Every structure is written in structure tokens, then in C-alpha cells.
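Contents: one structure, followed by commentary.
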2 protein chains.
Amino acid sequence: MPATIRDVARLAGVSPSTVSRALSMPEMVNAATRVRVAAAVEQLGYQPNRAARGLITGRTGNIGLVVPDLANPFFASVTKGVQARARRSDTAVFVADTDEDVTAEVGLVRALSKQVDGLILCSPRSGDADLSAIAQDTNVVLVNRTAEGIPGITYDNEEGMRQAVAHLVALGHRRLAWVGGPVTSWSTQHRGIGLENAVADHGVELSRVGHFGPTYEGGMAAADQVVASGATAVITYNDLVAIGLLARLHARGISVPGDLSVVGVDDIAMSRMARPALTTVRLPKQEAGRIAVELLLALLDDPDSTVDTRGTLHGELIVRDSTGPAASP
Amino acid sequence: MPATIRDVARLAGVSPSTVSRALSMPEMVNAATRVRVAAAVEQLGYQPNRAARGLITGRTGNIGLVVPDLANPFFASVTKGVQARARRSDTAVFVADTDEDVTAEVGLVRALSKQVDGLILCSPRSGDADLSAIAQDTNVVLVNRTAEGIPGITYDNEEGMRQAVAHLVALGHRRLAWVGGPVTSWSTQHRGIGLENAVADHGVELSRVGHFGPTYEGGMAAADQVVASGATAVITYNDLVAIGLLARLHARGISVPGDLSVVGVDDIAMSRMARPALTTVRLPKQEAGRIAVELLLALLDDPDSTVDTRGTLHGELIVRDSTGPAASP
DNA sequence: ACAGGTACTGCAAAGGATTGCAGTGCGCAT
DNA sequence: ATGCGCACTGCAATCCTTTGCAGTACCTGT
């Protein structure tokens, strides 16, 4: 039904080869012919069949994106970024949501990898071994995680934590608490390390209250331990956790920031709508998606380049109403 | 590099045709041959090249999903539903985000339509004419909207509004306000109609305070007019708007639900985290995505069936803390 | 013993685009 | 006038799979 290259060729009075060349290597064809072809293309509304092209070039023009949970605004934003950048390069994006299921992740990646030129793995939960295996026979870019020999884009978690701690210390806080995310999360580990360093530099105390799900519920669950820790300020794995924490604190009648200051990470849209509006380390999310696509595209063009395939993005502390001066003891 | 059907054929000592048949029409091939082929497939890790198959069958095994804004939790949920259901049918999903841009929508759809078997348009902003044109040469399923001759899945907006109004009337409210969404939105129109009927049935007043963006900001902008309207309860286009409204009301020192009750629509995750937790009409979002895929798959199997290709989903009023008895005048 | 089935299996074409190689035609230099 | 080179164009093979048709071998019934 749709026009093929032969239809265009017939209409323009040339061979299919010429049409192909007129479109993809215009300098190789005579200017007069080129305009005839262009006219025929226009008239017929011809668009090359991607499957046929893919057969011969080995490239599909598609990439895959795997995220743990699309309903998490953080990943929704990254997805937007990926998608917008890919579109500019005429590349379509398959999106797959693993529902935070590690076992599903591996299978999904396998299935997807056959029909794309490359994969962007956003905050993969899989182990390093699985990741390496995947990267063996597929072009992979990691977001929010590093792994030996695989390009990727991450945030400078250490620096983000340093900003948060400096802010709290300046407000007079001396006893901080840290609510970690999933144990297997690369981000939670690095944020933990960054915190250690930051509190050491400032000579303040830090109590780690354990690992919780990266969700509202996780924050609710963490609240009581945070209060029990005696800290006057708490930093959480992400904003969702911070907002859950806020809710539980409110229910217990604990005032924020009067009794306790709260800092999140991510700056999702919800954070400025929280009450009190959340102080948080803003992570450029769409940016990460954009860069991931660029890394992948570069990798596709030159599969051997192993240098300079790592990107780091910086967070920015956004001070809102959930942090204030430390309560005098 | 990856194994082809010829490799499998050679290893199994049969012709490619037989391999193809052993895989897709097993009853046509001898049991003994079948196991030999299966073994070869297993050993080589063979997976049919989708592009080559697509070339001959005319089917890609892919579908496209177009949403206005992935960062809106409503659409993120629908996307999750689409994605999960499609996976079960071994179908991959292209996701495209139009950023609420009507003109981008048409172009995007055109580009996408060439490489998928069908398209799911979620809350399309395009006009009916454009929609019909698209549906001419592409298989399309609509979500959150109806159009002549195009299958789709929608919510029973009238009934949802009826539930909300009944709830408020039972609490003693007699003067309601309605904050509409985008003028071109099919949903806002139908919710408006449902409201008219409901208030007429109950013999209460309704003031429409106009149309606002389907966002937090839209809600903030609407708040003052709602207050000025003298209503004791307000129903908003969606939860995002309701939450924005809540924020502005709080800033003005207006108590919810003491002075004013607020009802939203959607029941996004954020709504139960709002303060006060939002009373809202819960819409089954992932369900809509799931059904849209099923509708599309059915359409692909039988492109001529025009009957029974409409689905309607029902909302459920979730009563939380943002609604209470009407203030005595 | 032979005709007619039955049950498999293989051949070859088709699907649309790309690309190495082989022309074709023209201009220019000698 | 002839030869050479250049610029452009076309032929045909190729990518991988599916499928209509034809072929083979064996079996059944008479």
C-alpha cells in the first residue's frame, strides 16, 4: 500500500539505486536528477521502509530504555529526556518498565536487545556480572550507575551530599540522620559515602537509620527511627521518602522544620507541593536522559571507542521550607 | 553475528522452510524433526529477525503510544498499563511524549505510524478531522476520547461526577464550584455535562470558574475565583489542579475542609500524600492502558470489525480528608 | 501390483532497501 | 581523431524470513 522505492524510481524515471543514493548520499547524484527524485518522493509521500533498510544495514534506528518504575516521577522525567533527544535524531524509543523486579529486568533486556541498536539501562537493579554479560553482545549505556567498561551517566552524589550537609551545619545542626534507599542501589551507596566524608569534614555526627524502599511508604516506615535517633536534621535517599517521612512526622505532631529539618534528593515536581515545601538536592533528570542518548549514539557510530564515555552531572541544593535552624537542645 | 534460520537449518539437517514451520506451525512438521529443530534453536540461541519477518508479513510486532506528558502521573500510569499488557503479547511499545504540543502530535503520529502495527493515542489534543485522517491509514485506538468510527476506551465521566456531587450534597453542600481543564479536552467537556445533570438532579447550585491548565499551577490560578464564587465545595478537573488549589487556599489561610471542601479526579499517588489527603474520583489508569492494548490487538487481527470496539471504565469515589460537612452559612 | 492418498519436506519467489561493481556517455588533452 | 578519465547511473546480489507450490516417500485399499 505505501509507496516503495520502486514507485519513486518509476515516477522519477530513474532506477531504485539512484533514488536510494539521492536520499542518503545526495552529493553522488546529479543535481537535476536529485530534484526529480525529490519531487517524486514528495508527490508519493514516500518514506523508506525501516525494516527493509534494517535488514541490510543491520541498524534498526531504535533504542530501548529500561526503567524500574515509570510511576516514579524521577524515571518519568529521565524518560522524557531520552525520548525528546532521540526524536531529534530520528530514533524511536522502546520503553520497558520492570516494576522494580530484578529477575524481570534480565529477561526484558534480553528480549529487547534483539530489536534495538542499543539499550539505556536506567538505575539497573541487576548485578555487575549480569550487566557485563549484557554489555557483551549489546550496546549499553548506564544511567545512575557505573560498571567496568560500560559507558554511563551518573550524578556526583558526593558533592550533592556535601551541599546538603553544609546547608544543615550552617543552620546549626550537629546531629544528622541518613535514611538509605535499597541496599543494592548504587546511588544509595555513593550518597552514603559522600555523607561520611561531609560529616567528617564538618565534625558533626551522623546516624544511619537503615535501608528503606525508595517510596512514600519507605519514608513513613523510617520516621520513627529517625526521631528516636535524636538527630535534629535528616537527609533521605530521595524526595519520595522525604515526603513519606513528612507525612508520618506530621501525624506524630512533630514540627518541620521546628523540631526536625528534612532534606530530600531529586527535586521531583511533588517536592515543591509538599507541606512544608521540601528542601532538596535537585538532579537534572531530563539532562541525564539526553546525555544517555548522546552517549549511546556515539557508541553506535564507533563501537570501539572506550574513552570519554562517562558523564557526570551535578546536583543543586534547592532550599525550601523543610529546613530551618536547629532546635536549641 | 547472531544465528540465522539457515544456521539452525544446517545444524538440524533440514531446510530453512522446515525450521520456520517447526516454529510457527508445529503441527505441520514431523515430531522427530521438530525436536531436532528445537534442539538446534536452543543450542544456537536463535531468535527470528523481526525486521525480516516484518518485511514479509507486514507486521512489526510493535505498537506506538502517544501521550501529552509523561511527567503527569496519570499518563505515566496509563503507560505502565499499556506496557505491561503489550509485553504479555510479545509486543514492544514505542512511547512518544508530545509535551502538550498539538502541532507536534500530528507530526509525531505520522512518523511513528510507519513503524508500528498500530497506535494508541492517549488524550489526543488534535481535532476530530486530524484524528480521522490518521485513522484512515493506521490502526488507532483512542484513550480518554471518542471519535466517529475509531475504537477507544473512555471513563464514565458523568457517573464519576454524580458520585462526587452526591457525596458533597450528603455533607450538606448546596453551592458547588467547578474548575474546568483545557477547553479542547474531551474529558473536561464530559465532566462538565455530568456535573450539570448531577446538580440539576439534586437541585443545588453550580458555578463554573473557567478553564485552567491541567496542572498544579492551574489549580493555584483558579483558587481565588473559587473562593470568590461563594461555593462551599469545589470539584476540579483533576488531582493536580486540586493539589494546586489546596496550596493556594492554605496560603490564604482558608481551611480545608472547614471552609471549603475539595474533590479531585484521577487519584494519582500524590493525592493521598497531599495535606489534607485528597478526596477524589479514582480512575483505573493502568486498566485503561491494558484495555487499549487489547482493543488494538483485536483490531489488528480483524481490521474490519467495527462492532464492540468501545470500552467504558468506571470511577470510584475515594473519600479522604479534603471533604467535610458544609460550613453553616 | 498399482492407483491414489497422506504426510512431510524442499525449492524458489517475494518483501524493500542498500551497495559493490560494471557500464555509459561526455569532455578534454594530445 | 583518438584515448583517457570523470561523473553519474544501473544491474544484481544481499540481508532473513515466510509461504505457495511441487516433489518425494510411504502407506492403504482393491
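Per chain, numbering begins at 1; letters A, B, ... match sequence-line order. The structure displayed is predicted, hence computed values, not measured ones.
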What I'd like to find out is whether the side chain of [X] reaches to under 4.5 Å of the side chain of [Y], using heavy atoms alone.
{"X": "B:Trp186", "Y": "B:Leu142", "result": "no"}
{"X": "A:Ser24", "Y": "A:Ser20", "result": "yes"}
{"X": "A:Leu65", "Y": "A:Thr79", "result": "yes"}
{"X": "A:Leu70", "Y": "B:Phe75", "result": "no"}

Non-neighbouring partners of B:Tyr46 that pass ring pair (Phe, Tyr, Trp, His ring centres under 6.0 Å), sequence neighbours left out: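 B:Tyr46: no ring pair (Phe, Tyr, Trp, His ring centres under 6.0 Å) contacts found.
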
Touch class at under 4.0 angstrom, heavy-atom based, for A:Thr4 against every strand present: sugar-phosphate

Touch class at under 4.0 angstrom, heavy-atom based, for A:Thr18 against every strand present: sugar-phosphate

Residue pairs, two or more places apart or on separate chains, that pass salt bridge (Lys or Arg N to Asp or Glu O under 4.0 Å) and touch residues 129-139 of chain A: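 Pairs touching residues 129-139 of chain A that pass the test: none.
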
Sequence neighbours excluded, every pair satisfying salt bridge (Lys or Arg N to Asp or Glu O under 4.0 Å) that has a member inside residues 21-48 of chain B: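 Applying salt bridge (Lys or Arg N to Asp or Glu O under 4.0 Å) to every pair that reaches into residues 21-48 of chain B, excluding sequence neighbours, yields nothing.
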
Phosphate OP1/OP2 of D:dT9 contacted by A:Ser15 side-chain N/O (<4.0 Å): no

Net bend of the helix from C:dA1-D:dT30 to C:dT30-D:dA1, end axes of five pairs each, nearest 10 degrees: 50°

Chain B footprint on DNA chain C, 5' to 3' - any atom under 4.0 Å from a heavy atom: C:dC8 to C:dG16

Interface with DNA chain D, restricted to residues 107-118 of chain A and to heavy atoms under 4.0 Å: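 Residues of residues 107-118 of chain A that come under 4.0 Å of DNA chain D do not exist, since none gets that close.
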
Contact summary for A:Pro68 and A:Cys122, nearest pair of heavy atoms: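 What the structure gives for the nearest pair is CD-O, 3.3 Å.
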
Test of understanding: with salt bridge (charged side-chain N to carboxylate O under 4.0 Å, His left out), list the residues that count as partners of [X], not counting sequence neighbours.
{"X": "B:Arg110", "value": "none"}
{"X": "B:Arg145", "value": "B:Asp128"}
{"X": "B:Arg10", "value": "B:Asp7"}

Donor-acceptor under 3.5 Å (B:Asn49 side chain, B:Thr4 main chain):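 Judged by distance alone, no pair lies under 3.5 Å.
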
A:Asp97 with B:Arg87: basic N within carboxylate O range, under 4.0 Å: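 B:Arg87 and A:Asp97: not salt-bridged.
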
Whichever of A:Arg50 and B:Val14 has its nearest DNA chain C nucleotide further upstream toward 5': B:Val14

Comparing B:Ala51 and A:Val19 on DNA chain C - which has the more 5′ nearest nucleotide: B:Ala51

Partners meeting side-chain contact (heavy atoms from CB on, under 4.5 Å) with B:Ser89 (sequence neighbours left out): B:Arg85, B:Thr91, B:Leu297

Proximity to DNA chain C (any heavy atom under 4.0 Å), residues of residues 52-61 of chain B only: B:Ala52, B:Leu55, B:Ile56

Contact residues, residues 22-46 of chain A to DNA chain C [heavy atom, < 4.0 Å]: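 Close to the strand are A:Tyr46.
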
A:Thr312 versus A:Asp156, side-chain donor and acceptor atoms under 3.5 Å: no

